[in-house]
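Only one structure is covered here, and it is reproduced in the block below.
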Amino acid sequence: MSVLLELAVRFFLCGLFAIGGGLATLPFLYDIAQETGWYTAQDVSNMIAISESTPGPMGVNMATYVGYHVEGLVGAIVTPLALVLPSVIVIVAVSRILDQFKTSRLVQHALYGLRAASAALIAAAGLGVAKIAFLHTDLLAQAGSALGENLPALFNWKSICLAVVVYLGIVKWNFHPILYIVFSAAVGILFQFQ
Amino acid sequence: MRELWDLFVVFARIGGFTFGGGYAMLPMLEKEVVNGRHWADEEELMDYYAIGQCTPGIIAINTATFIGYKIRGIPGAIAATLGVIAPSLVIITIIAAFITNFMELQLVKSAFAGVRACVCVLVFTAVVKLTKKALADRAAIALFLIVLALSLFTGVSPVILVVAAGAAGIFLKRKEGEKK
């Protein structure tokens, strides 16, 4: 029981102080590993890999993984719930304040700036993924001065072709995103994407 | 009760097909929440993302909570949040319990390489669609470019960028008001 409680408290604090995307939870995960010995730093890198390649927000995935690792099924349920509890409390409070001041010109003006920033941050995150998806980043690191000669080898042509096909598909049909995701996973397996 | 179940199911679907960080949720949110159910419009979604960036908790959860609260108050917030985490809980538990070297499977690697390419395109088209309104004038576009450059090439925390952009918005709009 005490381990379960400790899990809940630690991940509640993680949810409270990790601000931003799922990767923001990382420093906390390392801290917890060090202080409790529940899992090792090596386990953390496994968790990241699994969380990134399974559906669901990364932070939640990592919390579930740690929870299961430490306390089995009960841990896998309690830990992510503890992680999201601060969000629910804080966002409900923010929503209430926002409702009250929605018509305030100051808030309107601040939101005008926020939306531009928000779009930029999402675009930046998207570009980060694009780099991994479309470039052989390992080659990028070692190529250095010979970059000019090997330029075509740097690009992941299979992925780029798939991206073009998906884009044309969206423009033409605008199906549900799930369809494109499932299609792309199938193409990846069929054509043995690396 | 129906509405709560609806919130749970829609957000479970979104959580189940979000690969990567919270930004990867955007295409799904746009389809399900903005176009499908009309639970929020483009501008509100951008607001939620911005505020979700600089409040405690991970963005994906914060955004879900925002929309859930808007539709049905606190029970709605809880339903949407539980929806987002439900697929993770099931999938990760199964992987942790049964598959020891999940990431070593070539099948998983290939499938995910395909999904990554797809997510880029989906995020790109969603950002273009959603930001048409947000980037309506030159000042907003300039702000967008500055934040994009800072976030790509420097290690400035998103929290600071969002807060600064809010302040810039207040400053720019007040100046505009003075001119008129």
Heavy-atom distance under 4.5 Å to chain B: side chain of [X], backbone, both or neither?
| X | result |
| --- | --- |
| A/L127 | side chain |
| A/I160 | neither |
| A/V182 | side chain |
| A/Y180 | both |
| A/F12 | neither |
| A/Y65 | both |
| A/L190 | neither |
| A/V90 | side chain |
| A/I189 | both |
| A/I181 | both |
| A/N174 | both |

Shorter than 4.5 Å, heavy atoms on both sides: which option in [options] has the most such pairs with chain B?
| options | result |
| --- | --- |
| A/V94, A/I89, A/I91 | A/I91 |
| A/V60, A/V166, A/V187 | A/V60 |
| A/Q192, A/R105, A/R96 | A/R96 |
| A/G126, A/P86, A/A125 | A/A125 |
| A/P55, A/G113, A/S118 | A/P55 |
| A/G15, A/A163, A/S95, A/A133 | A/S95 |

Name the region of [X], side chain, backbone, both or neither, that has any atom closer than 4.5 Å to a heavy atom of chain A.
| X | value |
| --- | --- |
| B/F112 | side chain |
| B/E42 | neither |
| B/A139 | both |
| B/E32 | side chain |
| B/L82 | side chain |
| B/L89 | both |
| B/I95 | side chain |
| B/F17 | both |
| B/C120 | side chain |

Hey, which of [options] has the most heavy atom pairs under 4.5 Å with chain A?
| options | value |
| --- | --- |
| B/A77, B/A97, B/A149, B/P27 | B/A97 |
| B/T125, B/L161, B/L135 | B/T125 |
| B/I92, B/T65, B/I141 | B/I92 |
| B/I78, B/L122, B/I91 | B/L122 |
| B/M25, B/M28, B/R13 | B/M28 |
| B/I14, B/V163, B/V123, B/D47 | B/D47 |

- Got a donor-acceptor contact below 3.5 angstrom from the A/S159 side chain to the A/F134 backbone?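 No; judged by distance alone, with no hydrogens or angles, the pair does not exist.
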- Message: Would the distance check show the side chain of B/N62 and the main-chain N or O of B/Q53 forming a donor-acceptor pair, the cut-off being under 3.5 Å?
- Response: no
- May I ask you to check if B/R2 and B/W5 form a cation-pi contact, with NZ or CZ under 6.0 angstrom from the six-membered ring centre and within 45° of the axis?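 That pair does not qualify as a cation-pi contact.
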Side chains of [X] and [Y] in contact at under 4.5 Å (non-hydrogen atoms):
| X | Y | value |
| --- | --- | --- |
| A/V74 | A/I77 | no |
| A/W38 | A/L7 | yes |
| B/F11 | B/L29 | yes |

Could you tell me whether [X] atom [atom1] has more than 12 heavy atoms of other residues or ligands within 6.0 Å of it?
| X | atom1 | value |
| --- | --- | --- |
| B/F171 | CZ | no |
| B/F124 | CZ | no |
| A/Y167 | OH | no |
| A/Q34 | CD | no |

Could you report the tightest heavy-atom contact between [X] and [Y], atom names first, then the distance?
| X | Y | result |
| --- | --- | --- |
| B/V115 | A/A185 | CG2-CB, 3.7 Å |
| A/A116 | B/A140 | CB-O, 3.7 Å |
| B/A165 | B/L143 | O-CD2, 4.1 Å |
| B/F19 | B/A24 | O-CB, 3.1 Å |

- How about B/D137 and A/Y112: does a side-chain donor come under 3.5 Å of a side-chain acceptor? yes
- Query: Have A/T64 and B/S88 got a donor and an acceptor in their side chains that come within less than 3.5 Å?
  - Reply: no
- Measure the spacing between CG of A/L111 and CD1 of B/I170 and express it to the nearest 0.5 Å.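 Atom-to-atom, A/L111:CG and B/I170:CD1 are 9.0 Å apart.
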- Distance in Å, A/S51 OG paired with A/M62 CE, rounded so as to fall on 0.5 Å steps: 5.0 Å
